[in-house]
Amino acid sequence: MYPDLCSYLNDYRFDISLLDKYFSLYTQSKVINKVLPELEELVEEQALKREYNLVLEPRIVKVDEIDKSNSILYFMDAMGVEYLSFILDKCKEKDLFANITVCTANLPTITSKNKEFVDVFKSKRMIVNSEKGLDDIKHHGTEDFDYQQKKQPVHLIRELEIIDQVLDKIKLKLAEGSLEKAFMISDHGASRLAVIHNTENMWEMVSKGKHSGRCCPKTDADVQSPYATEEDGFWVLANYDRFKGGRKANVEVHGGATLEEIVVPIIE
């Protein structure tokens with residue numbers, strides 16, 4: 001009845017056992033609107049271990065390595081790796097060949113801290129198209145998408161449509177013949193499940209939580225949560241809690257260090 005949803009739920013093979021298991025559970029959980037117990041256990045474990053640091057390299061390292069000549073960049077705001085299976089299926093439909101590299105964003109996972117790759121492309125005089133449709137939905141959505149008013153994840157339908165439309169733009173641009181390749185690169189991902197989980201961190205901080213409580217400005221008077229990591233003047237949560245003072249998110253949230261927020265794709 002809904003082939004795009006099937007494509008979204010198909011497992012993408014990262015060839016990294018942690019990511020294979022994690023994102024298979026994540027996409028299922030997002031669709032059924034429930035944090036599966038196995039995933040919650042894995043999130044809590046990784047909030048302490050943070051093994052992604054051992055298996056993935058930072059995005060800037062990978063961007064430096066790729067051949068950017070004669071290309072165009074589509075800056076996909078808030079597109080995490082949860083969509084990779086869907087993207088590959090759509091590329092096959094459109095006769096596009098996709099080469100995917102998985103890497104990590106900077107902490108906290110907010111756009112202002114994660115735009116360095118845009119400057120790299122601009123310095124090479126490459127065209128940069130900013131695609132903010134996904135981020136707009138995750139932050140604002142509509143009444144139908146707002147979790148406080150409607151629990152079902154119907155916003156996923158629009159998310160998949162937006163990605164499909166960008167792939168159509170890429171196909172048209174490449175068909176003109178003046179460019180060899182296009183890149184889709186994301187600044188950060190986002191978490192639906194941190195919204196569903198709806199729990200506040202028990203550790204008090206001097207500053208209020210920012211970005212729906214996923215991160216918090218650091219002060220010397222703070223008591224560090226074991227689930228928070230320090231980066232660039234912020235405490236950043238790696239589990240599904242939010243710092244006190246942060247407003248509840250409408251649809252999805254980012255700023256933290258769960259895998260769905262920090263693991264991002266470079267798609268060529």
Side-chain angles (χ1 to χ4, degrees), residues 1-15 19-40 42-43 74 76-100 102 131-175 182 184 186 188-198 240 249-254 258-261 263-265 267:
M1 295 297 292
Y2 186 19
D4 285 353
L5 182 61
C6 182
S7 293
Y8 173 79
L9 284 169
N10 282 340
D11 291 342
Y12 178 80
R13 294 301 177 190
F14 295 90
D15 295 326
L19 301 187
D20 288 343
K21 181 179 181 181
Y22 189 99
F23 284 101
S24 177
L25 293 168
Y26 178 81
T27 53
Q28 291 177 58
S29 294
K30 179 169 172 175
V31 169
I32 68 172
N33 208 39
K34 177 183 178 182
V35 182
L36 292 169
E38 189 177 1
L39 177 61
E40 182 156 16
L42 189 56
V43 168
Y74 289 80
M76 302 297 297
D77 200 335
M79 187 182 77
V81 295
E82 66 184 90
Y83 308 102
L84 288 181
S85 177
F86 170 76
I87 289 170
L88 280 183
D89 281 355
K90 285 297 175 182
C91 284
K92 289 176 184 176
E93 286 181 17
K94 301 175 194 302
D95 294 322
L96 293 169
F97 174 76
N99 182 42
I100 295 173
V102 175
E131 300 287 346
K132 292 187 172 293
L134 289 176
D135 194 59
D136 287 343
I137 284 177
K138 294 175 191 296
H139 282 299
H140 310 297
T142 66
E143 288 186 7
D144 285 342
F145 296 166
D146 190 335
Y147 185 74
Q148 310 308 322
Q149 300 185 52
K150 189 181 185 73
K151 304 303 184 188
Q152 292 79 9
V154 292
H155 69 290
L156 176 60
I157 298 169
R158 184 66 188 127
E159 289 181 333
L160 299 182
E161 290 173 348
I162 287 169
I163 293 171
D164 189 32
Q165 289 165 1
V166 174
L167 288 169
D168 282 337
K169 291 180 188 178
I170 288 172
K171 182 168 183 177
L172 285 171
K173 180 59 69 173
L174 293 177
M184 299 170 76
S186 176
H188 52 74
S191 178
R192 172 67 168 183
L193 304 189
V195 176
I196 293 173
H197 204 268
N198 193 27
Y240 283 152
N250 293 332
V251 185
E252 296 196 7
V253 66
H254 60 86
T258 58
L259 292 182
E260 61 266 32
E261 292 170 281
V263 182
V264 290
I267 305 171

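Sequential numbering from 1 along the given sequence is applied to the chain's residues. Just so it is clear, the values below take in all heavy atoms, side chains as well, and ignore hydrogens, waters and symmetry mates.
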* If you measure from the Lys or Arg side-chain nitrogens to the Asp or Glu carboxylate oxygens, is any gap between E93 and K171 under 4.0 Å? -> no
* Are any non-hydrogen side-chain atoms of I196 and K34 less than 4.5 angstrom apart? -> no
* Asked: So which heavy atom on N33 is nearest to which on Q152, and how close?
  -> ND2-N, 4.1 Å
* Is any side-chain N of the basic residue among E260 and R192 closer than 4.0 Å to the acidic one's carboxylate O? -> no
* Closest heavy-atom pair and its distance - I267, A98 -> CG2-CB, 4.2 Å
* To do: Report yes or no: does Q149 contribute a side-chain atom to a donor-acceptor pair with the main-chain N or O of D146 at less than 3.5 Å?
  => no
* Asked: In terms of side-chain geometry, is the basic nitrogen of K94 or D164 positioned less than 4.0 Å from the acidic oxygen of its partner?
  -> yes
* Structure fact -> Paired with L259, the side chain to side chain contact (heavy atoms under 4.5 Å, CB included) test is passed by just one of V81, V43, L42, L19, namely L19
* Asked: Closest heavy-atom contact between S191 and V195?
  -> O-CG2, 3.8 Å
* Rounded distance [0.5 Å steps], CG in L193 versus CG in L39 -> 6.0 Å
* Distance only, no hydrogens: is a donor on one side chain within 3.5 Å (strictly under) of an acceptor on the other, for E82 and Y12? -> no
* To do: Return the minimal non-hydrogen interatomic distance between G80 and P265, and the atom names on each side.
  => C-CD, 4.1 Å
* Between S85 and D11, is there a donor-acceptor pair closer than 3.5 Å when you use the side chain of the first and the backbone of the second? -> no
* Asked: Between K151 and Y147, is NZ or CZ placed under 6.0 angstrom from the six-membered ring centre and within 45° of the ring axis?
  -> yes
* Any side-chain heavy atom of V264 sitting closer than 4.5 Å to one from V102? -> no
* **Between E40 and Y240, a side-chain donor and acceptor under 3.5 Å** => no
* Over 60° means perpendicular and under 30° means parallel, so classify the ring planes of H254 and H139, tilted if in between. => perpendicular
* Taking atom CD of Q28 and atom CD of E38, what is their separation to the nearest 0.5 Å? -> 9.0 Å
* To do: State whether the side chain of T27 and the backbone N or O of S24 hold a donor-acceptor pair below 3.5 Å, judged by distance alone.
  => yes
* Just wondering, do V251 and H140 contact through their side chains at under 4.5 Å, heavy atoms? -> no
* To do: Enter the distance from C6:SG to D89:CG here, rounded to the nearest 0.5 Å.
  => 8.0 Å
* Asked: Does the side chain of E131 come within less than 4.5 Å of K169's, by heavy atoms?
  -> yes
* Indicate yes or no: at least one non-hydrogen side-chain atom of L174 is less than 4.5 angstrom from one of L96. => yes
* To do: For residues A194 and V253, report the shortest heavy-atom separation together with the two atoms involved.
  => CB-CG1, 3.7 Å
* To do: Please check if the distance between the ring centroids of F14 and F23 is under 6.0 Å.
  => yes
* Side chains of D77 and H188: closer than 4.5 Å at any heavy-atom pair? -> yes
* Structure fact -> In this structure, NZ of K90 is separated from CD1 of I163 (nearest 0.5 Å) by 11.0 Å
* Identify the heavy atoms of I137 and E159 that sit nearest to each other, and give their distance. => CD1-N, 4.3 Å
* Main-chain N/O of F145 paired with N250 side-chain donor or acceptor, under 3.5 Å -> no
* So, the side chain of S29 versus the backbone of V35: is there a donor-acceptor pair under 3.5 Å, distance only? -> no
* Asked: How are the rings of Y26 and Y22 set to each other: parallel, tilted or perpendicular (split at 30° and 60°)?
  -> parallel
* Asked: With side chains defined as the heavy atoms from C-beta onward, is the minimum distance between L172 and D168 less than 4.5 Å?
  -> no
* Asked: Should N10 and F86 count as side-chain neighbours, where that means a heavy-atom distance under 4.5 Å?
  -> no
* Side-chain donor or acceptor of K138 paired with backbone N/O of L134 under 3.5 Å -> no
